[in-house]
Every structure is written in C-alpha cells, then in structure tokens.
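These numbers come from the heavy atoms of this one structure, side chains and all, not from hydrogens, waters or symmetry mates.
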Amino acid sequence: MLLSKKKKVLLHLLLEEVDEEEMIIKHILCNKAKKVHEMFRARKMEGFFNILIEKHLYRDDRKFREFFRLSWDQFNYVLNLIEDDIKINPCNRVGEPITAAEKLAITLR
C-alpha cells in the first residue's frame with residue numbers, strides 16, 4: 001500500500017510537470033504571434049517615406065533639395081554606395097524592416 005501511495009505521488013508530480021511544460025509552450029507560441037499594431041502594418045502606404053518622399057518631394061526637385069540638402073540624383077548615388085551596408089533582410093524578429101532608402105532619408109533629415 002505504501003508503494004502505491006508513492007507511485008500516486010510520483011504520477012501526480014509528473015502530470016504537474018507536463019501541465020507546466022504545456023503552459024510554457026502555449027505562452028511561447030502566443031508571444032510569437034504577437035499582434036502587430038495597425039500603425040506598423042500601414043507604414044508602407046501611410047508612412048513618412050511613402051507619403052512625403054514618394055508622393056510629393058520626388059516630383060519636385062527644388063523641394064526635395066530643400067528637404068534633404070541633396071538632389072534626387074545625389075540621394076540615389078549615396079544610397080547606391082551604402083545600401084548593402086545598411087540594408088536588413090526580413091527575419092523572424094523583424095518581418096518587414098525599413099528599407100535602406102528610408103534609413104537614408106531619416107538620417108539626412
């Protein structure tokens with residue numbers, strides 16, 4: 001009878017351990033599927049670079065130069081020189097990183 005009580009206690013402890021592991025796994029999986037704020041999802045359509053640069057300044061050389069102190073051609077020249085050094089490829093942690101052109105625009109501004 002004493003042995004069966006020990007077995008029951010061991011079985012109970014093992015089941016608790018399994019439950020804890022399942023809770024940890026669920027917690028990890030839930031955190032990986034974090035909700036992304038709408039602001040970040042809309043960045044490509046509504047962000048600084050898209051609206052200001054691509055829709056407005058790109059067409060107006062004078063305003064572009066006033067804003068960045070470079071012409072569009074100079075901006076692209078600098079971008080071609082440093083793009084490989086500042087570009088980040090998408091990964092699990094950063095699904096859609098900002099582009100090298102966006103980084104350069106932010107840095108120049």
Side-chain angles (χ1 to χ4, degrees):
M1 184 120 188
L2 186 61
L3 186 59
S4 67
K5 284 185 180 183
K6 285 183 181 179
K7 284 183 180 179
K8 286 182 182 180
V9 169
L10 284 173
L11 181 61
H12 182 71
L13 290 173
L14 286 172
L15 290 174
E16 279 186 3
E17 188 174 318
V18 169
D19 288 342
E20 286 177 9
E21 287 176 358
E22 287 176 356
M23 285 187 344
I24 291 170
I25 290 170
K26 285 179 185 177
H27 179 72
I28 290 170
L29 292 176
C30 288
N31 283 343
K32 280 191 176 181
K34 281 185 198 174
K35 292 182 180 178
V36 176
H37 193 277
E38 184 61 32
M39 173 179 67
F40 297 114
R41 279 194 241 153
R43 178 175 50 88
K44 289 196 179 231
M45 294 173 12
E46 299 175 355
F48 155 80
F49 192 80
N50 182 273
I51 291 177
L52 185 62
I53 310 306
E54 291 180 351
K55 290 186 180 175
H56 298 289
L57 294 179
Y58 173 71
R59 296 183 208 152
D60 189 346
D61 288 333
R62 187 175 60 80
K63 285 292 182 190
F64 190 91
R65 183 179 277 285
E66 286 175 10
F67 194 78
F68 288 116
R69 297 176 191 90
L70 295 174
S71 69
W72 178 254
D73 292 332
Q74 291 169 329
F75 180 88
N76 283 320
Y77 178 76
V78 171
L79 180 61
N80 286 330
L81 290 176
I82 64 170
E83 186 171 17
D84 292 336
D85 296 328
I86 64 173
K87 179 175 63 175
I88 295 177
N89 294 323
C91 62
N92 290 340
R93 186 165 181 240
V94 181
E96 292 184 40
I98 66 171
T99 64
E102 288 173 297
K103 286 183 181 182
L104 178 59
I106 291 167
T107 302
L108 291 174
R109 190 60 189 142

- What residues form a side chain to side chain contact (heavy atoms under 4.5 Å, CB included) with R69, not counting sequence neighbours?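 With sequence neighbours excluded, R69 shows a side chain to side chain contact (heavy atoms under 4.5 Å, CB included) to no residue whatsoever.
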- Query: By side chain to side chain contact (heavy atoms under 4.5 Å, CB included), which residues pair with T107, not counting sequence neighbours?
  - Reply: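 Side chain to side chain contact (heavy atoms under 4.5 Å, CB included) list for T107, sorted by chain: empty.
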Cut-off 3.5 Å, no hydrogens considered: what does the side-chain donor-acceptor table look like for residues 76-91, sequence neighbours left out?
from	atom 1	to	atom 2	distance (Å)
N76	ND2	W72	O	3.3
N80	ND2	N76	O	3.2

- Can you tell me how far CD1 of I53 sits from CZ of R109, rounded to the nearest 0.5 angstrom?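 The distance works out to 9.0 Å.
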- Item | With sequence neighbours excluded, residues passing side chain to side chain donor-acceptor pair (under 3.5 Å) with R62 |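 Applying side chain to side chain donor-acceptor pair (under 3.5 Å) to R62 gives E66.
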- Listed partners of T99 passing side chain to side chain donor-acceptor pair (under 3.5 Å), at least two apart: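 Counting only residues at least two positions away or on another chain, T99 forms a side chain to side chain donor-acceptor pair (under 3.5 Å) with E102.
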- Item | side chain to side chain contact (heavy atoms under 4.5 Å, CB included) between L104 and F68, worked out | CA-CA 10 Å; L104 178 59; F68 288 116; over 6 Å; no
- Pairs flagged by ring pair (Phe, Tyr, Trp, His ring centres under 6.0 Å) wherever residues 89-109 is involved - sequence neighbours left out: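 Checked against ring pair (Phe, Tyr, Trp, His ring centres under 6.0 Å) - neighbours excluded - no pair reaches residues 89-109.
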- If we only count heavy atoms from C-beta on, is the L52 to F67 side-chain gap below 4.5 Å?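 Touching, per the 4.5 Å side-chain cut-off.
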